[in-house]
Engineer: 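Structure incoming, see below.
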Amino acid sequence: MAPKQRDIGWEHDISIGGSRKLVKCNYCGKQVRGGITRLKQHIAHLSNQVEGCLRVPKEVSQILRQHFSEDSKKRAAIKFKKERLMKSLSEEDFYDVVDKNSEDDIEEWWFRKS
Ligand SMILES: [Zn+2]
């Protein structure tokens, strides 16, 4: 005759609304469907799919937004660096081998590079 406490707990913590991916915002108590990523978007006010949190402190929202944008910036920066490295290597070869006397062009190239 013991109550099924584990089942009740499971239902309240994980299975609210019939979805295991429903998570609850600690700031406003809103239940966000779609898991932790969607919850972060809710707190950072980043998605059109989810309503932004009205109770989260501005700092927290900003930090999270920065975290998101830094991630994509980092990825873009790495990609850019790689491409630039490949390009500069081939351009350096080009100047060394073919256009050795064109000092002005080389200077201009360095200027544009930085
Ligand atoms: Zn919230």
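When a ligand or atom number is given, it counts from 1 through the structure's own listing order. Every value quoted in this text rests on a predicted model; they were computed, and no experiment measured them.
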Engineer: Walk me through whether Val60 and Tyr27 qualify under side chain to side chain contact (heavy atoms under 4.5 Å, CB included).
Structural biologist: CA-CA 11 Å; Val60 178; Tyr27 293 105; 3.6 Å; yes
Engineer: How many protein atoms of type N/O/S are positioned less than 2.8 Å from the Zn ion (ligand 1)?
Structural biologist: 4
Engineer: Give, for atom CZ of Arg65 and atom NZ of Lys58, the distance between the pair rounded to the nearest 0.5 Å.
Structural biologist: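 It comes to 9.5 Å.
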Engineer: Assess whether side chain to side chain contact (heavy atoms under 4.5 Å, CB included) is satisfied between Leu54 and Cys28, documenting all intermediate values.
Structural biologist: CA-CA 7 Å; Leu54 298 174; Cys28 68; 5.8 Å; no
Engineer: For residues 37-44, please give each side-chain donor-acceptor pair under 3.5 Å, one per line with the distance, not counting sequence neighbours.
Structural biologist:
residue : atom : partner : partner atom : Å
Arg38   : NE   : Gln41   : OE1          : 3.0
His42   : ND1  : Glu51   : O            : 2.6

Engineer: Checking Arg75 against Lys79 for the side chain to side chain contact (heavy atoms under 4.5 Å, CB included) test, could you report, in this order, the C-alpha distance in whole Å, the side-chain angles of both residues, the deciding distance, and whether it holds?
Structural biologist: CA-CA 6 Å; Arg75 260 178 263 133; Lys79 199 184 166 208; over 6 Å; no
Engineer: Quick one: CG on Leu46 to NE2 on His67, what's the gap to the nearest 0.5 Å?
Structural biologist: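 The CG atom of Leu46 sits 10.5 Å away from the NE2 atom of His67.
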